[in-house]
Protein chains: 2
Amino acid sequence: MVAEARNTANGDERPTLSSSRPTLRDVAELAGLSVTQTSRALNGHSDVANDSRLRAEQAAQELGYVPNLAARRLKDPGSGTQTIGVTLTSTTQRFSDPFLGDLLSAMVDEVSCHGFEMHLFSPTADEEPVAALERSVRHKRADGYVLLRLESDDQRVSFLSDAHVPFVTLGRPQTKGSYRRVVGAEDSLDSAVSHLVDLGHQRVGAIALPPGYAISDRRLIHFTKALERHDLTADESLITMADSFQEDGGRTAMEKLLGHRQPPTAVIGFNDQLAIGALAALSSRGLDVPGDISVIGFDDVSLARFITPTLTTLRQPVDRLGQLLIQQLLAAIDDPESDHEVVVKPELMIRESTGPRPTAATAN
Amino acid sequence: MVAEARNTANGDERPTLSSSRPTLRDVAELAGLSVTQTSRALNGHSDVANDSRLRAEQAAQELGYVPNLAARRLKDPGSGTQTIGVTLTSTTQRFSDPFLGDLLSAMVDEVSCHGFEMHLFSPTADEEPVAALERSVRHKRADGYVLLRLESDDQRVSFLSDAHVPFVTLGRPQTKGSYRRVVGAEDSLDSAVSHLVDLGHQRVGAIALPPGYAISDRRLIHFTKALERHDLTADESLITMADSFQEDGGRTAMEKLLGHRQPPTAVIGFNDQLAIGALAALSSRGLDVPGDISVIGFDDVSLARFITPTLTTLRQPVDRLGQLLIQQLLAAIDDPESDHEVVVKPELMIRESTGPRPTAATAN
DNA sequence: TAAAGTGTCCGAAACGTTTCGGAACAGGAT
DNA sequence: ATCCTGTTCCGAAACGTTTCGGACACTTTA
């Protein structure tokens, strides 16, 4: 009878498709229930009869009911936004890096698998990196955050820790605190150095990432450790800091190394873009790779297999990294004060850019 | 008297700083105003005394008041989310393309300049491309959308048009409707062909983007037009569709072209990744670029300057594209039914990968 | 003096949801 | 009859904001 009253009231064919979205009240009327019961039915509470639940669900279906998130959040601020935030450090450190681009793609996919959405933001030009994050947190835009391109002593980590907001990091900053993180294996660079030593190289140089980032320090430390483990003298002058994460940084760094009075016979770029920049520098000097000098990269971006020579590099399983980051973050959202570290081991992909140490070692 | 009652009720020193965020009521009490007036003061309405406005602002400042977005949106659904949505077509078409990565970066920057946030999403593996968009629209997650990687007859365009949701596209789909779009200049490929003709080339091949995308068709049309304009016969067999946007697609396409009984002496890849894949194919065949064959790309990703040989390519001003997309979208949000097209002209960057037509033309 | 206008203010209602407290009812045990 | 238990239901309040309509005190105009 209630249903009948509804039908005549609303017109014949269509159930109030008129203006805006149907509300819970509309569903309740159609189902012949109170708003309360309809809410409980749709949210799977226990004290609702099976029959009622069915009617409620069917009515919701029929009306194309979609709950109003604003209202829900207003009533129950703890309900969360079903959104995760991803933040970049600065406007100049961006997705030009194909590694970051791929990582982002992987994260987007994993996020939607879990029914979440992704919120992406960066500080404006005149802001501190942490400012954009503060804004997002204040507005409760996301349930948790992924921090990329960590700085050595990253303010964002301490801010989120203090605010008790869940987050996950790629890489391990110096900042103390309990949180979840995904990091590369400690000994990743060892296999690269090992490979070079097997080929007879003694003087192994490095093009390091710009200082100030957590990952820069880490890779540097593991590189020197790897050298020591192979009884090579860690010659400080064979390590050059690049001034960017991109190809041009790699090129100028390589040129600096070639100016050395006794240049290395092999060089490891701490990411693929740096290595590719190094290759460009070598090519324009007329040097042959790997004939005159061997080059190794880090990340294994898709391009590494398509340049000439193809690039020997430490492969990071970028899809898996993205998945892990999101999974860890969701775990952190469920259990805020947790502390966990997932280690992922890069794998050396041997290609054309590495070869035996040249016999007459003095190039240039 | 009201203020006095308030004070005694709340205790002496602190104005209810206890637990969660301060509300408008707290600000009002501190300012000695009604909630109504405080709201109007903070929102810059006209019927509030200067003195009151000052007190309200100061109180808000002191309490660190941040308006509750959920409540605001609940009351006034037209107020918008200050968010724009960016959607990708499918999970496999992602930011591996450095062009898309750079574009996204540019958009993120521009978005934050305008005080907006960005919402990024993609359909899950088993969804239609339009499904993720529908979800986002239903939940009113964003005020408008940027559509990338448009398909020839893109369902998302018609869906958003029908739903009267503002959006902007990169490229021009076939779907009719009035909306804003940013497109490359019609004659972009003409300068590339012109350059090759100047170098004496007669047989110019193309590695086209996979079919089904708006941009694929467009570039193809302009390519053949450019050939005609230079009185070259448009030999269909010299045009190969790549089966992906990435390097491997370019490689296999190039190999196919090399299998031609009379291969082209110059090839244009319709994006840089395809061109780089082509270079890889040529290199593994032992062919010299540009000695044996010239190669041109499209986009000018940062890498184009660092491979060997450096890549002649049509530069897309990616930062400007990103800015324009966002600006157009914001304009569309202000004026929903607008129709506008912004044309951006790519510029030919001549580098090492193009040279004179080889004298003994029959390679291989 | 009355009417009309101006500048400033406020109470109350509304947005759509969830939840608290209790009500109505059935059945079984006392 | 009375009490208890359990199931199913609902009214009303609450979340924090904006806005509608009206109110008050003054000043200007007729």
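A note on names: the letters A, B, ... follow the listed sequences, proteins ahead of strands, and every chain is numbered from 1. In this text, all values refer to a predicted model and were calculated from it rather than measured experimentally.
- For dT8(D), the OP1/OP2 oxygens have no side-chain nitrogen or oxygen of Ser52(A) closer than 4.0 Å.
- Distance CZ (Arg21(B)) to P (dC15(D)): 14 Å, rounded to an integer number of Å.
- Summarising the geometry, the separation between CZ on Arg40(A) and C1' on dT18(C) is reported as 9 Å, rounded to the nearest angstrom.
- Rounded to whole Å, the distance from CG on Leu63(B) to P on dG16(D) is 14 Å.
- Counted by atom type alone, Arg73(B) and Thr81(B) present zero donor-acceptor pairs between their side chains at under 3.5 Å.
- Within a 6.0 Å sphere centred on CD of Glu341(A), other residues, nucleotides and ligands contribute more than 12 heavy atoms.
- One can place CG of Leu24(A) at 6 Å from P of dT18(C), the figure rounded to the nearest angstrom.
- A donor atom on one side chain and an acceptor atom on the other are not found under 3.5 Å apart for Glu117(A) and Gln82(A).
- When the nucleotides dT17(C), dC10(C), dT17(D) are ranked by their closest atom to the side chain of Leu33(B), dC10(C) comes out on top.
- At a non-hydrogen distance threshold of 4.0 Å, nothing from residues 133-143 of chain B comes into contact with DNA chain C.
- Rounded to an integer number of Å, the gap from OH of Tyr65(B) to C1' of dT17(D) is 7 Å.
- Heavy atoms of other residues, nucleotides or ligands lying less than 6.0 angstrom from CG of Asn50(B) number 12 at most.
- Place Asp76(B) and Arg55(B) on DNA chain C by their nearest nucleotides, and Arg55(B) ends up nearer the 5' end.
- With a 4.5 Å cut-off on side-chain heavy atoms, Leu42(A) and Tyr65(A) count as touching.
- Side-chain atoms of Asp47(A) and base atoms of dC9(D) include a donor and an acceptor less than 3.5 Å apart.
- At whole-Å resolution of the value, CG in Asn68(A) and C1' in dC15(D) are 13 Å apart.
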Residues Gln327(B), His114(B); criterion side chain to side chain donor-acceptor pair (under 3.5 Å); working and verdict: CA-CA 9 Å; Gln327(B) 287 165 8; His114(B) 292 87; 5.2 Å; no
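- No side-chain N or O of Thr23(B) forms a donor-acceptor pair with one of Asn68(B) less than 3.5 Å apart.
- Comparing Val35(B) and Ser46(B), the nucleotide of DNA chain C nearest to each residue sits closer to the 5' end for Ser46(B).
- To the nearest angstrom, C1' of dG7(C) lies 12 Å from CG of Asn50(B).
- In the interface, the side chain of Thr36(B) is paired with the base of dG11(C) through a donor and an acceptor atom under 3.5 Å apart.
- Projected onto DNA chain D by closest heavy-atom contact, Leu74(B) and His45(B) fall at different nucleotides, the more 5' of which corresponds to Leu74(B).
- Distances shown here put a side-chain N or O of Ser39(B) below 4.0 Å from the OP1 or OP2 atom of dT18(D).
- Between Gln37(B) and Ala70(B), the residue anchored nearer the 5' end of DNA chain D, judged by the nucleotide with its closest heavy atom, is Ala70(B).
- No more than 12 heavy atoms of other residues, nucleotides or ligands shown are found within 6.0 angstrom of CD on Gln155(B).
- For Arg73(B) and dG16(C), the CZ to P distance is 13 Å, given to the nearest whole Å.
- Between Ser34(B) and dG11(C), a side-chain N or O to OP1/OP2 separation shorter than 4.0 Å is absent.
- Using a 4.0 Å cut-off, some side-chain N or O of Asn43(A) falls inside it from OP1 or OP2 of dT18(C).
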